[in-house]
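What follows is a short report on a single structure.
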Amino acid sequence: MSTNSEKILRRAEICQKLKTSLITALDLPYTPDDIHEDVSIVGSGLGVDSLDMLEIVMCVESEFGVKIPEGDNAPLRSFNTLVDFIIAQQDLK
Amino acid sequence: MKEMILANFWRSLGARFGEENGASLVLDFGDVDAELYAIRNSVSLADFSFAEKFVLPETEGIDALDEKLSANAMKLRYGRVLDSFLADVDGKIRAEVFAAYMEDGILVIAESIKGSVADDFRSCVNFEDLSDSVLLSLDGPESWRVAKAVFGSDILNLTFLSAENYSFEGERVRVLRNGRTGEFGYWFVVPASKAESFAERLMQEVRALGGCACGFNAQVAARIGGNFFNVYREGAAVATPLALGLQWQIDFEKEFCGSQKIFESREAGLAQKVLAIVSDSPLESGADLFDESECVGKIVSVSPAKICGKFAGLALINVTKAFSGLDFSDKANAQIQTVSRPMFIAESLKRPMDI
């Protein structure tokens, strides 16, 4: 089992990469540090619409090689749940 | 302290009362776990009348709100609800504020921990004080059935963070689709003259679906699990909007009350962040968190009910350690894990609306 240090390194890298990617893809008015990891992706929070969801799915696939199944919105509830999904999918490979 | 308009109604259902920022509220009905279960699996009804309620005239109101609120009130569209906060001059949280652009003006609902938000806006021409109205919160995956039974199918067109006026026994009921639990939810602002008959009507439908009335304690638990900010708990304990993760409520391009201090802290960089925690052992608010021997933060809010079978809460953690999926401990060496929010997939997302 990973120690906290190993988990932090891995998660911090994924978070930074994903934040940078989403800020660019969605033209968000934020810096990476502005995005709290529990921020909601739909509804309030980042308030993305259905077109933005497609951008997010494409970002995740191109940056991490992980595919979000069509119609599966569970990973997209918050930034953190999306990172959880990416980590879980990477661990499956 | 002024008694709630529906105090006797809730008392007859076994309510236990408490207080927040000088306002009376229902804490629970004797079983917080059952009340949280109703929120998550059927439907519940809570009285949020402790929140301030008032209406501002359209143009002047939006200008006044934009001057004070962290979000850009100018972008508020007709029929929509803006979720924002009000800070003091030191940039510390005072209130979470919801502004709904409705037919008769801007309905403002404020959950305040410092003084009266309404007093900030009384100078507006045609300010309408709704403190003699009741605010009811209907929450749960079956809440739409109750709303439909009372108001008809048209209410199902109300999308999240939208608002519309409806009628009950000839009186206007202001309806916001604004659940704060992660499940479907509606807020109803009802004049005092119809409050009891409206609450009875809702409870009739709530009971028919196996739900129940719920108090503030179940709502505290629901907000923690459902990833909704609670100004009365972590808001009061932490006070700084950025550490609380409220950046999404801020327009960094405009000035507002407290913006200078908030922008300065943004420039300086965050030192700590609020994250959710769970444990198999009871959590204690104010307790320190440790990564082996290093103190990395402290618990700032504890859920009054277990969430997904675990003791749960929120902790303010040093940014270098503020990540989900880590293992910490308290001073008694009880194991505590940081987790992502929302902590579960809401039933409302899983169940089809079989209209």
Side-chain angles (χ1 to χ4, degrees), chain A residues 1-19 22-23 26-50 52-53 68-69 71-88 90-91, chain B residues 71-72 75 81-84 98 159-161 177-180 182 226-229 241-253 266-270 273-276 290-292 294 296 314 319-328 337-346 349-350:
Chain A
M1 189 183 294
S2 305
T3 63
N4 275 349
S5 299
E6 290 166 5
K7 289 180 192 174
I8 288 169
L9 270 173
R10 184 182 183 192
R11 198 161 182 110
E13 189 187 329
I14 293 172
C15 283
Q16 188 65 19
K17 199 170 171 184
L18 185 59
K19 285 179 185 180
L22 290 182
I23 286 169
L26 303 177
D27 196 24
L28 297 174
Y30 301 125
T31 66
D33 286 346
D34 289 331
I35 299 179
H36 187 287
E37 286 75 8
D38 275 334
V39 71
S40 296
I41 290 180
V42 294
S44 45
L46 297 183
V48 304
D49 59 27
S50 51
D52 292 333
M53 298 274 261
I68 300 174
D72 185 4
N73 290 331
L76 296 165
R77 289 167 292 141
S78 71
F79 184 88
N80 250 342
T81 58
L82 184 52
V83 173
D84 290 342
F85 178 81
I86 291 169
I87 291 174
Q90 286 181 338
D91 288 346
Chain B
N72 188 332
K75 290 184 179 171
V81 181
L82 179 72
D83 186 356
S84 182
F98 305 89
T159 55
F160 183 58
L161 291 181
R177 173 84 195 277
N178 187 34
R180 309 283 296 150
N227 196 21
F228 283 84
F229 174 59
L242 302 185
L244 287 162
L246 298 179
Q247 288 85 341
W248 64 272
Q249 291 186 348
I250 300 172
D251 182 345
F252 289 107
E253 300 295 312
R266 184 195 189 207
E267 276 296 312
L270 272 185
K273 284 185 190 181
V274 168
L275 271 191
F290 295 91
D291 183 2
E292 296 184 2
E294 179 193 357
V296 297
L314 299 176
V319 288
T320 53
K321 306 276 183 173
F323 292 95
S324 181
L326 302 183
D327 299 299
F328 297 131
Q337 297 82 42
T338 53
V339 294
S340 299
R341 290 203 290 168
M343 294 182 185
F344 44 78
I345 300 173
L349 293 179
K350 297 182 207 169

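These values consider heavy atoms only, across backbone and side chains, with no hydrogens, waters or symmetry-generated copies. Every chain is numbered from 1 and lettered A, B, ... according to where its sequence line falls, protein lines coming before strand lines.
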Relative to chain A, which segment of [X] carries a heavy atom at a distance below 4.5 Å: side chain, backbone, both, or neither?
X	value
B:A243	backbone
B:I345	both
B:K350	neither
B:F344	backbone
B:L326	both
B:T159	neither

Checklist entry - Does one side chain, of B:D83 or A:S44, offer a donor that lies under 3.5 Å from an acceptor on the other? => result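 Note: B:D83 and A:S44 side chains miss the donor-acceptor criterion.
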Next on the checklist: Ignoring hydrogens, what is the shortest heavy-atom contact between A:T81 and B:P342? Give both atom names and the distance.
Outcome noted: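 A:T81 and B:P342 have their closest heavy atoms at CG2-O, 4.1 Å.
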Considering only heavy atoms from C-beta outward, does the side chain of [X] approach that of [Y] to under 4.5 Å?
X	Y	value
A:E37	B:K273	yes
A:P29	B:E253	no
A:I8	B:K321	yes
B:L275	A:H36	yes

Checklist entry - For the side chain of B:R266 and the backbone of A:D33, is there at least one donor-acceptor N/O pair under 3.5 Å apart? => result no
Checklist entry - Is there a donor-acceptor pair under 3.5 Å between the side chain of B:N227 and the backbone N or O of A:D38? => result yes
Checklist entry - Can you list the steps and then say if A:R11 with B:S324 is a side-chain contact (heavy atoms from CB on, under 4.5 Å)? => result CA-CA 8 Å; A:R11 198 161 182 110; B:S324 181; 3.7 Å; yes
Next on the checklist: Is there a side-chain contact (heavy atoms from CB on, under 4.5 Å) between B:W248 and A:D34? Walk through the geometry before answering.
Outcome noted: CA-CA 8 Å; B:W248 64 272; A:D34 289 331; over 6 Å; no
Checklist entry - So what's closer than 4.5 Å to chain B heavy atoms on A:T31: side chain, backbone, both or neither? => result both
Checklist entry - Checking side-chain hydrogen bond (donor to acceptor under 3.5 Å, both in side chains) for the pair A:N4/B:D291: CA distance, chi angles, key distance, verdict? => result CA-CA 8 Å; A:N4 275 349; B:D291 183 2; 3.2 Å; yes
Checklist entry - Between B:L242, B:L246, B:L161, B:V274, which residue shows the highest count of heavy-atom pairs closer than 4.5 Å to chain A? => result B:V274
Checklist entry - Would you call B:D327 and A:K7 a salt bridge, using N to O less than 4.0 angstrom? => result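 Between A:K7 and B:D327 there is a salt bridge, with a charged N closer than 4.0 Å to a carboxylate O.
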Item to check | Residue, of A:G45, A:C15, A:A74, that accumulates the most heavy atom pairs under 4.5 Å with chain B | outcome: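 The residue among A:G45, A:C15, A:A74 with the greatest pair count is A:G45.
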